[in-house]
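Inspection log for the structure reproduced underneath, given as structure tokens.
Lettering follows sequence order; numbering is per chain, from 1.
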Amino acid sequence: MNIYAIESENDVIGARHFIRDLVKEKGFGLIDQTRLTTITSELVRNIVLYAGKGQVLAYDVMNGSTNGIKIEFKDSGPGIQDIEQAMQDGYTTKGGLGAGLPGSKRLSDEFYIESESGKGTKITVIKWLKA
Amino acid sequence: MEKTPILKFGDTLIVSIQTELHDKAASRLQEDILNQVQKNNSQAVVIDVSSLEIVDSFIGRMLSNTAEMAALMHASVILVGISPAVSITLVELGLNLGGVKTALDLESAMELLQNDKASFFGSEKLDSQADNADEISKDAS
């Protein structure tokens with residue numbers, strides 16, 4: 001398991017490098033590297049914008065003989081009030097583009113949101129290595 | 001924080017984004033570009049993003065907004081150097097850069113601008129191109 005702490009806006013780029021290096025080393029192709037780096041940029045910006053601080057955790061995962069990476073984006077911020085609404089293209093409460101969550105889901109193989117009002121949010125992204 | 005240089009080439013501005021931009025740096029670059037358009041009475045801005053490993057929704061929006069803003073000042077923006085990986089990611093993210101002109105590289109962007117100018121000013125430019133065409137066909141024969 002690898003971990004990267006999010007403390008300020010500057011960590012958007014830092015976390016991107018952290019994930020890009022990991023997935024490159026794991027053998028993901030250029031396009032999947034770009035997808036995962038972009039997801040990281042979107043979700044870490046959300047952490048900075050909505051919660052201020054958080055963590056990115058990366059795990060190796062296996063499904064049968066397929067290797068993959070699981071990345072968790074965690075914060076102890078206000079949580080997402082209405083996840084269904086947040087997953088709609090163009091919906092934002094902070095004047096953003098509203099592309100971050102639904103876009104990141106489209107860039108992932110698996111995508112899960114757990115959020116509790118007042119306690120925080122955990123978004124899990126999984127990407128499998130194509131043989 | 002490094003500043004992205006804006007180069008002037010005739011009535012065109014050339015901006016090559018060489019380093020990853022923090023959000024604040026991206027917003028500053030947008031203002032810098034518009035200020036330079038006004039200062040130099042520029043007709044076009046070519047923005048080269050070939051050095052960027054990713055274009056996320058923030059940078060994507062900054063680029064399309066810059067194109068819209070420049071258009072209000074009668075300057076057109078051409079985005080060059082979008083890689084296959086960035087192009088795939090932008091579409092999957094759901095970002096619509098439909099209104100932004102693009103070219104594969106700087107050279108094609110400059111050709112595009114030349115052609116736009118030729119069709120705008122009409123005869124003069126086209127005549128000189130026709131002369132060239134004559135010479136080429138003479139050479140060929």
> Do B:Glu20 and A:Arg16 meet the salt-bridge criterion of a basic N to acidic O distance under 4.0 Å?
Replying inline: yes
> Would B:Val86 end up clustered with B:Ile47 when hydrophobic side chains under 4.5 Å apart are linked, directly or stepwise?
Replying inline: yes
> With a cutoff of under 4.5 Å between side-chain heavy atoms, which Ile, Leu, Val, Met, Phe, Trp and Tyr residues group with A:Tyr59?
Replying inline: A:Met1, A:Ile3, A:Leu57
>> Set out, in order, the CA-CA distance, both residues' side-chain angles and the distance that settles side chain to side chain donor-acceptor pair (under 3.5 Å) for B:Ser57 and A:Glu42, then state yes or no.
In response: CA-CA 7 Å; B:Ser57 64; A:Glu42 300 295 336; 2.6 Å; yes
> How many angstroms lie between atom NE2 of B:His22 and atom OG of A:Ser8, to the nearest 0.5 angstrom?
Replying inline: 8.5 Å
>> Using a 6.0 Å cut-off, check whether atom NZ of A:Lys26 has over 12 heavy atoms from anything other than its own residue.
In response: yes
>> Counting only heavy atoms from other residues, nucleotides and ligands, does the tally under 6.0 Å from CG of B:Leu104 exceed 12?
In response: no
>> To the closest 0.5 Å, what do you measure between CG (A:Asn10) and NZ (B:Lys24)?
In response: 7.5 Å
>> Under 4.5 Å from any heavy atom of chain B, what part of A:Asp32 do you find: side chain, backbone, both or neither?
In response: neither
>> So which atom in A:Thr34 and which in B:Thr89 form the shortest heavy-atom distance, rounded to 0.1 Å?
In response: CG2-OG1, 3.4 Å
>> So which atom in B:Glu92 and which in A:Arg106 form the shortest heavy-atom distance, rounded to 0.1 Å?
In response: O-NE, 2.6 Å
>> Within this structure, what is the CG-OG1 distance for the pair B:Leu90 and A:Thr38, rounded to the nearest 0.5 Å?
In response: 8.0 Å
> What residues, two or more places apart in sequence or in another chain, satisfy ring-ring contact (aromatic ring centres under 6.0 Å, His included) together with A:Phe111?
Replying inline: none
> Do you know which of B:Leu93, B:Asp23, B:Ile88, B:Leu21 has the most heavy-atom pairs under 4.5 Å to chain A?
Replying inline: B:Leu93
>> Please determine whether the number of non-hydrogen atoms from other residues, nucleotides or ligands lying under 6.0 Å from atom CD of B:Gln38 exceeds 12.
In response: no
>> Starting from B:Met110, can I reach B:Val100 by hopping between I/L/V/M/F/W/Y residues whose side chains sit under 4.5 Å apart?
In response: no
> Could you give the distance from OG1 (A:Thr40) to CD1 (B:Ile54), rounded to the nearest 0.5 Å?
Replying inline: 8.0 Å
